[in-house]
Amino acid sequence: LAHTCPGFPEHVGRDRALELLKPVLEDKAVAKVGQNLKFQSIVFNNRGIELAGLRFDTMIASYVINPGLKQHDLNFLAQHYLNLRKTTFEEVAGKGKGRKCFSDVDLEQASKYSCEDADVALRLMEVLGKQLREDENEELFYNVEMALIPVLLDMEITGIKIDKPFFSEMSETFSRELDQIEKEIYLEAGTEFNINSPQQLGTVLFDKLQLPILKRTSKTKAHSTDVKVLTKLAALPFKIPKLLLRYRTLSKLKATYLDSLVKLADPVTGRLHTSFNQTVAATGRLSSSNPNLQNIPIRGEEGREIRRGFVAEDGCRLLSADYSQVELRIFAHYSGDDAFIEAFREQEDIHTRTAAEIMSIGREEVTPDRRRIAKAINFGIIYGMGPHKLSEELGIDHETAKNYISAYYERYRGVARYRDEVIGAAREKGYVTTLFNRRRYLPDINHKNRIIRSEAERMAINTPIQGTAADLIKMAMIRIHGRLKKEGFRSRMLLQVHDELVFEVPEDEIDTAPKLIRSEMEGGFQLKVPLKVDMKIGRNWDEAH
DNA sequence: ACGATCACGC
DNA sequence: CAGTTACGTGATCGTG
């Protein structure tokens, strides 16, 4: 098909071949089995074919069976599950500069390679399918992960519009300020050097200017120059740390967001098309790349400004719907703790309530600073944080931090119970699971080294929470996508950012689409606490958030 | 090509 | 086996 290697015989041309295959590829009654079906769907989509009947994706099956594996490629799966060494793409196409386009690969080799690919995928289905059944993961695999493929595909194909001139102008403004700061830094340093090189910067700060070394990097023990260090150094009578902080912020935003996003946007439509990866995060979360649209800035002033460049098409608005405190609610559910559950049922401010309870004060005595402490503890607990990190985080002494944590476990007995149970189960079984039976193996849970074991214990605590949140939003996405299509909406889901969904909504659906979205996000599954969704509409992502 | 550092998100 | 908060991606530098 469409082969061009020398001496290739007369054959059915690409367009004719696709025309002949189209009815089969688009027939949902004809089951499709393969590796990375979303990618295959995109390839066919480029030729006007809508691949249907996606039955079994071997890459995703492997991920559901063991999401902690770093590889789910076909060569690895063949070796791991079939004990079979498959021909690699490199072996037929070459590598580096000499790499051939597949259509130029020798016909004999190319056909053998292609057939092997299909054969291996089919044989893997048997093995992986059996394992999914054994692990009671068929529901999760078929009804969640497989069902999510067409949803993600539509989101990727649709893309989100950006305001390119807006980003370009912002980039220019940043450039001018960066030039200015650069000059000042050189003046203060008394020398010119590469500010973007932590190594060269370290030499200037700590050797030449003799600033105190507050921290070393973990791997190489070099002098650290990260934000925390620079912030502390900014208290000293030197101008350079403040200048560097500003420089870092601006150059990060310019290089990672402004300049790269403009380059990646479609020149005709001005839309950005990310890839959602379904087999990367060990907890069950999605990830996003090329570009990553799950780490668009929101905190700093300039960062937030970048969100104004994510816009709705004419005649539409962006709608952001995010789960309020979803991980803490799941945590409350798991803990079964009465006080915790009541707080959410009564729609109280959870951090205020936590502050009141662990500090034994009335709710009216909870100052913003006390609330901040409670908030850090609430999040720290679900990440398995210890007193050391908490005291550092909050700038309080070690003893106080320790007391807060013990007061927390004292007050919320269910939390302590959850912690003990989940770690105990992990030790016994070697894995933890989410509410929907997504499994993650923790081979180091019984490790003799305390540090390594603690790391596994933190994963044991966090994974059921983060993973259940991932399961819930995936199920909501599937239902919303299905209903929008079935009920003839023109509103489209564009992005998922772990606990948030972003939609593009035509003006005449502003009254109807949000109701559907809220109902599917909040009502999909009954926990011991209600799920709450916050929604906002705007002309751009900043206004909508 | 790859590891290290840094910085952005949840 | 690594140095005490889970999970990611990407730009850039420096080295091989």
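Chain letters run A, B, ... following the sequence lines, proteins first, then strands; residues in each count from 1.
In this entry the distance linking CD1 of A/I330 with C1' of B/dC10 reads 13 Å, nearest Å. We find that OH of A/Y383 is positioned 10 Å from P of C/dA6, with the value rounded to whole Å. When the P atom of C/dA6 is taken as reference, atom CD of A/E457 falls 12 Å away, rounded to whole Å. Atom CG in A/N378 sits roughly 15 Å away from atom C1' in C/dA6 (whole-Å rounding). Residue A/D444 contributes atom CG, which lies 13 Å from atom P of C/dC1 at whole-angstrom precision. Across the protein-nucleic acid pair, A/R299 atom CZ and B/dC8 atom P stand 9 Å apart, rounded to whole Å. Distance CG (A/L472) to P (B/dC10): 19 Å, rounded to an integer number of Å. Atoms CD (A/Q199) and P (C/dT15) sit 6 Å apart, rounded to a whole Å.
Classification of the A/H351-A/F379 ring pair by plane angle, with boundaries at 30° and 60°, yields tilted. Ring geometry for A/Y418 versus A/Y334: interplanar angle of 30 to 60°, hence tilted.
Residue A/T220 has a polar side-chain atom (N or O) positioned under 4.0 Å from OP1 or OP2 of B/dT5. Side-chain N/O atoms of A/N292 include none lying less than 4.0 angstrom from OP1 or OP2 on C/dG8. Side-chain nitrogen and oxygen atoms of A/N449 include none within less than 4.0 Å of the OP1 or OP2 phosphate oxygen of C/dG3. Side-chain N/O atoms of A/S224 include none lying less than 4.0 angstrom from OP1 or OP2 on B/dT5. For C/dC7, one of the phosphate oxygens OP1 or OP2 lies less than 4.0 angstrom from a side-chain nitrogen or oxygen of A/R440. A sub-4.0 Å separation between OP1 or OP2 of C/dT4 and a side-chain N or O of A/S454 is absent. For A/S287, no side-chain nitrogen or oxygen approaches OP1 or OP2 of C/dC7 to under 4.0 Å.
Spacing between C/dG16 and C/dT12 at atom P, rounded to whole Å, works out to 22 Å. A gap of 14 Å separates the P atoms of B/dT5 and C/dA2, to the nearest Å. Comparing the C1' positions of B/dG3 and C/dA6 gives a spacing of 23 Å, expressed to the nearest Å. Nucleotides C/dC1 and B/dA4, compared at atom P, are 16 Å apart to the nearest Å.
Within a 6.0 Å radius of NZ in A/K528, more than 12 heavy atoms belonging to other residues, nucleotides or ligands are found. Counting non-hydrogen atoms of other residues, nucleotides and ligands closer than 6.0 Å to NZ of A/K402 gives a total of 12 or fewer.
Summarising the base pairing, C/dA11 is matched to B/dT5 through a Watson-Crick or G-U wobble pair whose two defining distances lie under 3.5 Å.
Across all strands, A/N277 comes closer than 4.0 Å to no nucleic acid atom at all (heavy-atom distances). Residue A/K252 is in base contact, counting any heavy-atom pair closer than 4.0 Å across all strands shown. At a threshold of 4.0 angstrom between heavy atoms, the contacts of A/E327 with the nucleic acid are absent. Counting non-hydrogen atoms under 4.0 angstrom, A/I298 reaches the backbone sugars and phosphates but no base. Using a 4.0 Å heavy-atom cutoff across all strands shown, A/T463 reaches no nucleic acid atom at all. A/K448 comes within contact range of at least one nucleobase, with a heavy-atom separation under 4.0 Å. A/R248 comes within 4.0 angstrom of sugar-phosphate atoms only, judged by non-hydrogen atoms across all strands, and of no base. Residue A/G386 is in sugar-phosphate contact alone, with no base atom involved, counting any heavy-atom pair closer than 4.0 Å across all strands shown. In this structure, A/A282 reaches the sugar-phosphate backbone alone: every heavy-atom distance under 4.0 Å involves primed, P, OP1 or OP2 atoms, never a base.
A/Y408 and A/Y404 have their aromatic ring centers separated by at least 6.0 angstrom.
Of the candidates B/dC8, C/dG14, C/dA2, the closest approach to any side-chain atom of A/I451 belongs to C/dA2. Listed nucleotides B/dC10, C/dG8, B/dC6 differ in distance to A/T217; the shortest reach to its side chain belongs to B/dC6. Closest to the A/Y257 side chain, of the nucleotides C/dA6, B/dC8, C/dC13, is B/dC8. Minimum atom distance to the side chain of A/V280 is reached by C/dG8, of the listed C/dG8, C/dC7, C/dG3. Of all nucleotides listed (B/dT5, B/dC6, C/dG14), C/dG14 comes nearest to the side chain of A/Q200. Comparing B/dC6, B/dC10, C/dA6 against the side chain of A/R458 picks out C/dA6 as the nearest. Among the nucleotides C/dA2, C/dC7, C/dT9, the one closest to any side-chain atom of A/A281 is C/dC7. For A/D226, counting side-chain heavy atoms from C-beta on, the closest listed nucleotide (C/dG10, B/dC10, B/dA7) is B/dA7. With C/dA6, B/dC8, C/dC7 as the choices, the nucleotide that has an atom nearest any side-chain atom of A/P297 turns out to be B/dC8.
The nearest heavy atom of DNA chain C to A/S218 and to A/R285 marks one nucleotide each, and the one closer to the 5' end goes with A/S218.
Defined by atom type and a distance below 3.5 Å, a donor-acceptor pair is missing between the side-chain atoms of A/S197 and A/N194.
Salt-bridge check for A/R438 with A/E145: passed, with a basic side-chain N closer than 4.0 Å to an acidic carboxylate O. The residues A/E327 and A/R285 are annotated as salt-bridged, a charged nitrogen and a carboxylate oxygen being separated by less than 4.0 angstrom.
A donor-acceptor contact under 3.5 Å is not formed by the side chain of A/H498 with the base of C/dC7.
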